[in-house]
Amino acid sequence: MYHQPVLKNRRTVLERAEKFISDVYFTDCNLRGRLYGYSCPLESLASFLCPKRITFTEASKQNFAPYKVGDTFGPTWWTCWFKITLSIPESWRGKEVHLLWESDGEAMVWRDGQPVQGLTKDGEKTSYVLSDCLRDEDPHRVMLYVEMACNGLFGAGQGSMIAAPDPNRRFSVQRAELVVFNRDVRELLTDFEMLVDIVKELGEGEQRSYQALFTVNEMVNLCDPSDPSSFSEARSLAHSFFSQRNGESQHTVHAMGHCHIDSAWLWPYEETIRKCGRSWVTVIRLMEKNPEFVFTCSQAQQFQWVKSWYPGLFSEIQKYVKKGQFIPVGGTWVEMDGNLPSGESMVRQFLEGQRFFDQEFGIHCKEFWLPDTFGYSAQLPQIMQGCGITNFLTQKLSWNLVNTFPHNTFFWEGLDGSKVLTHFPPGNSYVMKGKIEDVMKTVKNNKDKGRANHSAALFGFGDGGGGPTQLMLDRLHRIKDSDGLPKVLISSPDQLFSLLHADSALLCTWTGELFLELHNGTYTTQAQIKQGNRQCESLLHDVEMASCLALCQDRTFEYPTEKLKQLWRLLLLNQFHDVIPGSCIEMVVEDALRYYEDIRSDGAALLHNACGALGSKGNAAGVFNSLPWERNEVIQIEDENIYVVTLLTTTSYLMLWYLWQYSSKIYYIFYFQVKWAESHKFLKVEFPVRVHSSNATYEIQFGHLQRPTHRNTSWDWARFEVWGHKWTDLSEHNFGVALLNDCKYGYSVHKNTMTLSLLRAPKAPDANADMGTHHFTYAIMPHSGSFQDASVIQCAYNLNFPLRLIQCSPDIVPWSAFSINTEAVILETIKQAEDSKGTLVLRLYESHGSSVTATLSTSLPVREAWHCDLLEKQDPTRPACITSEGVTLNFSPFQIVSLLLVL
């Protein structure tokens, strides 16, 4: 077809193309309006409403009543099951037939008792494919069930997404019918959409932009929406454009399917299980049609849920894991918070996660995958390396409120000097859609141009699940190697990091924590969750230690392996990055607190059993000390007067304070009961002290770090509120003051004022966050010398690991299982080895920031001692040196050492 050349107006031509594919304008005559052909009503549609989340087997036995499209149901968090009978017309032979389903809830299609497809309007999944090309032998009469959750991808916020949920929201099905899907229209629409986006993204200054503009305009000229025979010539033009190849130097975007699913956030844990089912079964359907499609998926807990709730789906996942398409990543039980869990909890995240992936899939994750959390501890590189992980992927620091992080690909050096290769996808997102905007942003934002020529792009709906779509894959396929754009490769984490490692000579190194300059309130919000975490970490520590000692004392004692695994997994689940930070809805808080109570109850029973075996039972009172030093603690009541302070007449404080002596160290302890009923308030306690120092020290996992007390630069003042664990210290030469606590994590030290954050009162997403009565303890400890010499670390442990009263025989002889000859080394953990009943695992770390040789003494009958990694894999080249005095160990600053003791 020949057209007389005419002068083109860029804006007019572009708008012409946009209107040709618009879903708003001219849909009665444009290409978009031809996406669906014939339609046919369902033979029958009936529903059943249930307040609980029930199995398919139970739902299919219920009485279903006729349902009319448009009728409302609810309320929020209920489930509506639909029973569908449909008959496909014989005249549709050779056509692609879909069930079209549009609703404002999240839905799952069930067929023959199995989940087969997720349907979520917000996730661009509104149809279930009944047949790609209807044949005579295909079933023409089909019965389906649709399980619809009365919530959306992001819960049911009242007025805004992160507002507290509206408990009385009503839901409906807006469309439910059989349709003929015109695949050729969809393919042509994708060509148009990609070309239009190229015009927009490359802009007026790029030659390739004008080539795209002229191509898309000519396609409009050639294409008659009412005549499918005209489509092929238009598609041929698009194919010619996309087939013009790139040069060798172009940046490569490694596109990986992904579906970030928060284990809980604006919805409860139980709904997450269904989100996983809906999202992952849809991924399997995509893999059946796209053998090159690769999908990355983290969080062993979610795999465990799917295994329990959807065993058929889990078997399919195992099949595609073997094929290399469905790739478990991360190596942790959940995508945990990167700040608040203890060092041992972080180790257990990897221990439980890596063991699960090995047992179920025969794989070992090489990359830590944590795209969405509120900062990253400086000890994570060492913990990663100890768990066999050399690579790290996240993107959250792109959310920084003040400073722009200077790298996308770099080496991250931790507190002890350990390094891991780290990549922040430059597109600053883990929910890309495969659009031109996504790949261009990935190249444009790359801060390491010239150093790294490969970047990740994670595509798929996320946070609330959903995952990739066929449309996203089609978009990426068109631009895999097209001139003017980066190369796009459907890839895997292993492929990306292998290429980055191979060309890493020029990469920079970032030393220390990766601090997120946002969401600082998460160190404090939901105080009961944070208290539950700290107390349960302490309790499980004591249960494991007492059980190990009981096993050594009485070989008939049964170490509670399975029960401890169950309790640890509950604790690890609550360390998810929207639960322990307190950024979740009230329903999640209620679940989390119930889990803590389960841990407390069952843990107390386990501790009682273990201590009973230790104390030989009896009616005398004894003490179990789980810390490897003597604790001759004397408590004196300094002032018994109780006084009440009122804030805005709604909040009261009970202030008892005591003088506590540990050895020769004195510190003042404050026990608080607070009745909190504020709105949009922040409760802190401040201590102005006579100390001058430019840095304060904060405890973190397996060590401590320093942060400035001044506000010289934007990097300094962006840390107006920081996180720490059991203590912080402000010291000058030969004198200092430490601030200790038993369940708090938010701190601020500005100049000479030390501040501990106690409670907050936000109103979203939980309108009742922190309301009610709280009990907590903090202590002030003035000291001479350094905080190391003053035993601040040991005093903080004492405050958090109480002496346990036990019943014992009156004639029992006190005994000690372990001791260490230097205060610099902390014996953090004693547990039974995962794979050997006659072996103990000990975890120690250097806490002062020094190089030291330590002797671990024990009264237990140790036959052999070996170094091992954090996953308890023995290093056959490193037997530990056993002498008459004990086991000799060498430590570098903040080094974590794990031992296997064979009894």
Side-chain angles (χ1 to χ4, degrees), residues 1-39 95-96 98 100 102 121 124-127 175 179-244 433-440 469-480 482-485:
M1 184 182 295
Y2 175 75
H3 297 287
Q4 183 71 29
V6 295
L7 185 65
K8 306 291 185 185
N9 177 274
R10 177 185 171 87
R11 178 179 174 183
T12 302
V13 173
L14 179 58
E15 187 165 327
R16 180 185 186 222
E18 289 178 317
K19 293 295 190 296
F20 192 73
I21 58 174
S22 173
D23 58 1
V24 177
Y25 303 104
F26 310 117
T27 54
D28 60 329
C29 60
N30 72 2
L31 186 62
R32 181 77 61 179
R34 300 298 191 273
L35 187 58
Y36 297 107
Y38 299 109
S39 65
K95 306 293 185 182
E96 182 171 341
H98 290 196
L100 190 60
E102 293 185 4
K121 190 174 182 180
E124 297 182 2
K125 298 177 182 71
T126 56
S127 66
R175 195 172 179 186
V179 296
V180 170
F181 182 77
N182 292 323
R183 178 65 59 182
D184 54 352
V185 173
R186 176 66 271 175
E187 296 292 343
L188 189 53
L189 280 171
T190 304
D191 290 337
F192 270 106
E193 290 166 355
M194 297 298 280
L195 287 165
V196 166
D197 285 349
I198 288 173
V199 175
K200 292 178 179 178
E201 288 298 320
L202 296 188
E204 295 189 41
E206 292 290 333
Q207 169 72 11
R208 189 65 167 157
S209 172
Y210 281 94
Q211 291 175 351
L213 181 66
F214 275 67
T215 299
V216 77
N217 186 65
E218 189 62 16
M219 288 170 63
V220 175
N221 292 338
L222 291 172
C223 181
D224 179 358
S226 63
D227 180 10
S229 67
S230 68
F231 295 174
S232 60
E233 195 171 357
R235 289 220 63 204
S236 179
L237 281 178
H239 178 74
S240 297
F241 178 91
F242 292 125
S243 297
Q244 293 176 347
K433 306 302 185 295
K435 294 185 175 183
I436 300 298
E437 173 190 7
D438 297 333
V439 296
M440 294 307 297
T469 66
Q470 183 64 54
L471 177 57
M472 296 176 193
L473 288 167
D474 291 343
R475 289 167 180 159
L476 293 168
H477 177 75
R478 281 162 171 76
I479 57 171
K480 60 183 180 181
S482 187
D483 187 29
L485 303 174

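The basis for the numbers below is simple: all heavy atoms, side chains too, and nothing from hydrogens, waters or symmetry mates.
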Query - E204 CD to Y210 OH distance, which is reported to the nearest 0.5 Å - result: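 Between atom CD of E204 and atom OH of Y210 there are 4.5 Å.
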**Report entry** Straight-line distance of K95 NZ to Y38 OH, nearest 0.5 Å
**Finding:**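 K95 NZ to Y38 OH: 6.0 Å, rounded to 0.5 Å.
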Between [X] (side chain only) and [Y] (backbone N and O only), is there a donor and an acceptor less than 3.5 Å apart?
{"X": "N30", "Y": "G33", "answer": "yes"}
{"X": "D438", "Y": "G434", "answer": "yes"}
{"X": "N9", "Y": "R11", "answer": "yes"}
{"X": "S236", "Y": "S232", "answer": "no"}
{"X": "R478", "Y": "F242", "answer": "no"}
{"X": "S209", "Y": "L202", "answer": "no"}
{"X": "D483", "Y": "R208", "answer": "no"}
{"X": "T190", "Y": "R475", "answer": "no"}
{"X": "T27", "Y": "D23", "answer": "no"}

Query - Six-ring centre of F26, K19 cation under 6.0 angstrom, axis tolerance 45° - result: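 No - K19 does not lie over the ring of F26 by the 6.0 Å and 45° rule.
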Query raised in the report: Do R34 and N182 have side-chain N/O donor and acceptor atoms under 3.5 Å apart?
Result: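 Distance-only check fails for R34 and N182.
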Requested in this report: Assess the side chains of Q470 and R186: does a donor N or O sit below 3.5 Å from an acceptor N or O?
Outcome: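 Short answer, no.
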Requested in this report: Would you mind telling me which of E18, E15, E206, E437 makes a salt bridge (Lys or Arg N to Asp or Glu O under 4.0 Å) with K200?
Outcome: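 Only one option passes, and that is E18.
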Query raised in the report: Name the one of K433, E193, K125, K435 that satisfies side chain to side chain contact (heavy atoms under 4.5 Å, CB included) with L471?
Result: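 The side chain to side chain contact (heavy atoms under 4.5 Å, CB included) with L471 is passed solely by E193 among K433, E193, K125, K435.
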Query raised in the report: In terms of ring plane angle, is the pair H98 and F181 parallel, tilted or perpendicular, where the classes change at 30° and 60°?
Result: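 Plane angle under 30°, so parallel.
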